[in-house]
Amino acid sequence: MTEEIKLSNRLLRVASYLPKGAIFADIGSDHAYLPCFVCQNDPTAHAIAGEVNVGPLSSAQETINKYELKDYVEARLGDGLSVLQQDEVNQVVIAGMGGSLIRSILENGQDKLLSVDLVIAQPNVDEKNVRNWFMENNFKIQDETILEENGHIYEIVVGKRVNYTITLTEKEQLFGPKLLTQKNKLFYKKWESEREKLIRVINQMQNAKFQDHHKLRKFQEQLGWIEEVLEDVNYD
Ligand SMILES: C[S@@+](CC[C@H](N)C(=O)[O-])C[C@H]1O[C@@H](n2cnc3c(N)ncnc32)[C@H](O)[C@@H]1O
């Protein structure tokens, strides 16, 4: 009997959004821990682990071999969703990258998404890029999670395809429509720290010789939103 795969809390939470019997791609899979964990725990699931770099691809292959999952998980080398055939998967996971990279992977792989009704994204930064892509492509944000691991706060954003238009305000795109209604302790911790960072950036910009007034106004507007959101502390 092979050993059980242990996942970090972050990846466990990402995996929890996949339905039973998922047929999915994990793009930027690195060691392929997530697809191997899912397939080890659900023999009706199948996965493609996509990797753009050769080193992580061979780590993925090693994990697949070690846990004897070659009939369930296939590692493929390539950029983003280009590793997929059309109509091959129903769900896509993209975790552990910046939001702008996740957005461009989704944008460049539109033809591979026609059969996909669920995208689970875990951007490390710039989450609003992912929410904006979801909105523009009729993926409704079904759930969001904020969690802390090893001193870093992560967000998970889950988009479900719908056949109607979605609108999110700029504030919802920044803070997350679900996270904004929950506003838990971690949410406040994250945005307190973002507020400090933004104040420093604004001060530097104001003291600079040449000022980018447009950017400065955008940052000041964002600071206003953050302060507004932080005003009503209502978690228990
Ligand atoms: C920090 S790791 C995240 C691994 C895992 N998904 C996780 O969340 O722990 C990011 C991985 O994405 C891969 N990657 C970056 N850009 C990619 C792209 N355009 N297509 C596929 N993989 C990519 C990198 O090679 C790296 O292995």
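Side chains included, hydrogens not; waters and symmetry mates left out as well; all remaining heavy atoms used. Indexing begins at 1, ligand by ligand and atom by atom, following the structure's order. All of these numbers come straight from a predicted model, not from anything done at the bench.
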Only distances under 3.5 Å count here; give the side-chain donor-acceptor pairs of residues 17-30 to other protein atoms, sequence neighbours excluded, each with its distance to 0.1 Å.
{"residue": "Tyr17", "atom": "OH", "partner": "Arg13", "partner atom": "NH2", "Å": "3.1"}
{"residue": "Tyr17", "atom": "OH", "partner": "Asp143", "partner atom": "OD2", "Å": "3.1"}
{"residue": "Tyr17", "atom": "OH", "partner": "Thr145", "partner atom": "OG1", "Å": "2.7"}
{"residue": "Asp26", "atom": "OD2", "partner": "Ser29", "partner atom": "OG", "Å": "2.6"}

Begin from the C-alpha positions of Asn138 and Arg161 and carry the test side chain to side chain donor-acceptor pair (under 3.5 Å) through to its verdict.
CA-CA 6 Å; Asn138 295 1; Arg161 188 190 289 282; over 6 Å; no
Residue-level breakdown please: for Ile105 versus ligand 1, do any non-hydrogen atoms fall below 4.0 Å on the side chain, on the backbone, on both, or on neither?
side chain
Tell me which part of Leu101 gets within contact of ligand 1: side chain, backbone, both or neither, using heavy atoms under 4.0 Å.
side chain
Quick note on ligand 1: atoms under 4.0 Å from a heavy atom of Gly96 include exactly 1 (C), 3 (C), 8 (O), 10 (C)
I need the full list of side chain to side chain donor-acceptor pair (under 3.5 Å) pairs touching residues 82-97, with sequence neighbours left out, sorted by first then second residue.
Arg76-Glu88
Asn150, CG atom: more than 12 neighbouring heavy atoms under 6.0 Å
no
In the protein, what heavy atom is nearest to atom 20 (N) of ligand 1, and what distance, to one decimal place, separates them?
Gly80 N, 2.8 Å
Count the heavy atoms of every other residue, nucleotide or ligand shown that sit under 6.0 Å from CZ of Phe37, and state whether that count exceeds 12.
yes
For atom 17 (C) of ligand 1, what is the closest protein heavy atom, and at what distance to 0.1 Å?
Val52 CG1, 3.5 Å
Given Ala25, Gly28, Gly55, Pro35, which one has a non-hydrogen atom that is nearest to atom 12 (O) of ligand 1?
Gly28
Numbered atoms and elements of ligand 1 in range of Asp79, under 4.0 angstrom, heavy atoms:
18 (C), 19 (N), 20 (N)
Do NZ/NE/NH1/NH2 and the carboxylate oxygens of Arg131 and Glu144 come within less than 4.0 Å?
yes
Where's the contact between Leu11 and ligand 1, heavy-atom distance under 4.0 Å: side chain, backbone, both or neither?
side chain
Could you tell me, atom by atom, which parts of ligand 1 come under 4.0 Å of a heavy atom of Asn53?
24 (C), 25 (O)
Among protein heavy atoms, which lies nearest atom 13 (C) of ligand 1, and at what distance?
Glu51 OE2, 3.3 Å
At a 4.0 Å threshold, what atoms of ligand 1 neighbour a non-hydrogen atom of Pro56?
25 (O), 27 (O)
Could you tell me, atom by atom, which parts of ligand 1 come under 4.0 Å of a heavy atom of Asp30?
4 (C), 27 (O)
If you have a sec, work out which protein heavy atom is nearest atom 3 (C) of ligand 1 and how many Å separate them, to one decimal?
Ala95 O, 3.6 Å
Given side chain to side chain donor-acceptor pair (under 3.5 Å), test Glu4 with Asn41 step by step and report yes or no.
CA-CA 9 Å; Glu4 270 179 41; Asn41 287 282; over 6 Å; no
Can you tell me how the ring of His152 sits relative to the ring of Tyr154, calling it parallel under 30°, perpendicular over 60° and tilted otherwise?
tilted
If you measure from each non-hydrogen atom of Met97 to ligand 1, which part falls under 4.0 Å: side chain, backbone, both or neither?
side chain
At the 4.0 Å heavy-atom cut-off, does Arg10 count as touching ligand 1?
yes
Distance-only, no hydrogens or angles: does the Ser193 side chain make a donor-acceptor pair with backbone N or O of Lys189 under 3.5 Å?
no
Suppose we call two aromatic rings close when their centres sit under 6.0 Å apart. Are Phe175 and Trp225 close by that rule?
no
